[in-house]
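Down below is the structure, laid out as structure tokens.
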Amino acid sequence: KNYANGGFFASGPKTTEAMGNLVIDSKVVSETCNSYGNLAEHKLHTFFIDSNNNLGCEVTDKMTGKNYKYAISGIPVTLNGQDVSWGEIVSKQGWTGGELYSTKHICLSWDNDNIYLIGIETKSKKGAYDTITEIWKKLKPYKFDTVLKLDGGGSAILDINGKNVFVSSGDRKVHNLLHFD
């Protein structure tokens with residue numbers, strides 16, 4: 001009834017495969033130290049919930065051996081309440097810009113008490129940096145410390161009480177969903 005899509009994926013020879021860091025129910029699904037494509041061997045901003053239900057974020061390429069129940073990587077949009085540099089941070093993590101274009105996106109933020117799923121639509125046609133800046137400007141009034149963009153673009157879905165309240169026009173296979181009560 002209540003879910004949003006998340007994570008990045010690539011079409012493999014037989015299935016859609018997770019890219020980046022992903023842990024579901026304490027099982028490592030993907031980590032960049034073992035993945036392929038542009039994110040392979042890059043350290044990514046990764047949101048996690050550990051076995052003590054602590055929330056956090058780290059920049060890492062490994063999930064194996066960590067005490068995480070859930071973890072998911074994303075493109076950083078806001079760090080320490082500030083706009084993120086495409087050249088200094090994002091592109092160096094292996095993101096190509098193909099994940100950011102004028103469409104609907106799902107973002108994630110958190111504080112000590114809550115996790116926030118944010119559906120946001122962008123209009124910029126100039127490029128990846130402008131899309132990140134547009135998201136940051138729209139979210140700046142809410143004073144989020146950290147925001148990660150979770151979908152690859154064109155695959156945004158947010159359902160609340162079984163009703164589709166936010167969806168892109170894309171029709172992609174999604175390798176994981178974020179469920180909430």
Side-chain angles (χ1 to χ4, degrees), residues 4-52 54-101 103 105-110 115 117-118 122 126-133 135-136 144-156 168 170 172-178:
N5 68 307
F8 298 84
F9 59 90
S11 296
K14 296 183 179 179
T15 184
T16 300
E17 299 182 31
M19 298 293 290
N21 298 318
L22 181 63
V23 176
I24 301 171
D25 292 329
S26 301
K27 179 185 174 194
V28 175
V29 176
S30 176
E31 52 190 354
T32 65
C33 65
N34 293 330
S35 70
Y36 59 93
N38 294 321
L39 301 181
E41 300 180 18
H42 284 86
K43 293 184 177 183
L44 305 179
H45 280 83
T46 303
F47 169 76
F48 65 84
I49 300 173
D50 69 16
S51 63
N52 296 316
N54 296 312
L55 307 176
C57 183
E58 71 169 331
V59 181
T60 184
D61 62 341
K62 295 181 176 74
M63 296 284 94
T64 302
K66 299 192 183 241
N67 195 23
Y68 296 156
K69 288 195 299 189
Y70 300 97
I72 190 167
S73 295
I75 296 174
V77 174
T78 304
L79 295 173
N80 301 317
Q82 299 297 312
D83 188 8
V84 172
S85 166
W86 174 262
E88 292 298 313
I89 296 174
V90 182
S91 64
K92 289 183 179 178
Q93 291 185 3
W95 304 107
T96 65
E99 312 86 1
L100 289 156
Y101 56 89
T103 188
H105 303 279
I106 297 293
C107 296
L108 173 78
S109 190
W110 60 94
I115 298 173
L117 288 171
I118 305 156
T122 58
K126 295 180 182 176
Y129 172 75
D130 293 298
T131 300
I132 285 180
T133 301
I135 294 171
W136 178 72
F144 290 117
D145 183 64
T146 301
V147 175
L148 300 180
K149 189 182 102 57
L150 294 184
D151 68 287
S155 58
S168 69
R172 299 178 176 196
K173 293 179 181 178
V174 178
H175 68 268
N176 66 300
L177 298 173
L178 303 165

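Below, all heavy atoms of this structure are taken into account, side chains as well, without hydrogens, waters or symmetry copies.
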How long is the gap from [atom1] on [X] to [atom2] on [Y], to the nearest 0.5 Å?
X: Ile75; Y: Ile89; atom1: CD1; atom2: CD1; answer: 13.0 Å
X: Ser26; Y: Asn67; atom1: OG; atom2: CG; answer: 7.5 Å
X: Gln82; Y: Thr146; atom1: CD; atom2: OG1; answer: 11.0 Å

Next item on the list: Under the ring-ring contact (aromatic ring centres under 6.0 Å, His included) rule, collect the residues that match up with Trp110, sequence neighbours excluded.
Entry: Phe47
Margin query: Please evaluate residues Glu31 and Thr64 with respect to the criterion side-chain hydrogen bond (donor to acceptor under 3.5 Å, both in side chains), reporting the C-alpha separation (whole Å), side-chain torsions for both, the decisive distance (0.1 Å), and the verdict.
Written below: CA-CA 8 Å; Glu31 52 190 354; Thr64 302; 2.7 Å; yes
Does any N or O in the side chain of [X] come within less than 3.5 Å of the main-chain N or O of [Y], such that one atom is a donor and the other an acceptor?
X: Lys92; Y: Gly94; answer: no
X: Glu99; Y: Gly97; answer: yes
X: Ser109; Y: Val147; answer: no

Item checked: Pair Leu178-Ile115, side chain to side chain contact (heavy atoms under 4.5 Å, CB included): steps then yes or no -> CA-CA 11 Å; Leu178 303 165; Ile115 298 173; over 6 Å; no
Check whether any side-chain heavy atom of [X] sits under 4.5 Å from a side-chain heavy atom of [Y], and report yes or no.
X: Tyr129; Y: Asp83; answer: yes
X: Ile106; Y: Ile118; answer: no
X: Phe8; Y: Leu22; answer: no
X: Trp95; Y: Leu100; answer: no
X: Ser73; Y: Gln93; answer: no
X: Asn21; Y: Thr32; answer: yes
X: Asn5; Y: Leu150; answer: no
X: His45; Y: Leu79; answer: yes

Can you list everything that forms a side chain to side chain contact (heavy atoms under 4.5 Å, CB included) with [X]? Sequence neighbours excluded, please.
X: Lys126; answer: Ser124, Asp130
X: Lys66; answer: Glu58, Thr60, Met63, Tyr68
X: Thr103; answer: Tyr101, His105, Ser168
X: Asn54; answer: Asp50, Asn52

Note to self: Does atom NZ (Lys69) have a neighbourhood of more than 12 heavy atoms from anything else shown, all under 6.0 Å?
What the structure shows: yes
Determine the minimum heavy-atom distance between [X] and [Y], stating which atoms define it.
X: Thr46; Y: Ala71; result: CG2-CB, 4.0 Å
X: Ile72; Y: Gly7; result: CD1-N, 3.5 Å
X: Val84; Y: Ile132; result: O-CG2, 4.2 Å
X: Val29; Y: Ala18; result: CG1-CB, 4.1 Å
X: Gly20; Y: Ser30; result: O-OG, 2.7 Å
X: Pro76; Y: Val90; result: O-CG2, 3.8 Å

Note to self: List the residues meeting side-chain hydrogen bond (donor to acceptor under 3.5 Å, both in side chains) with Asn80, not counting sequence neighbours, and say none if there are none.
What the structure shows: none
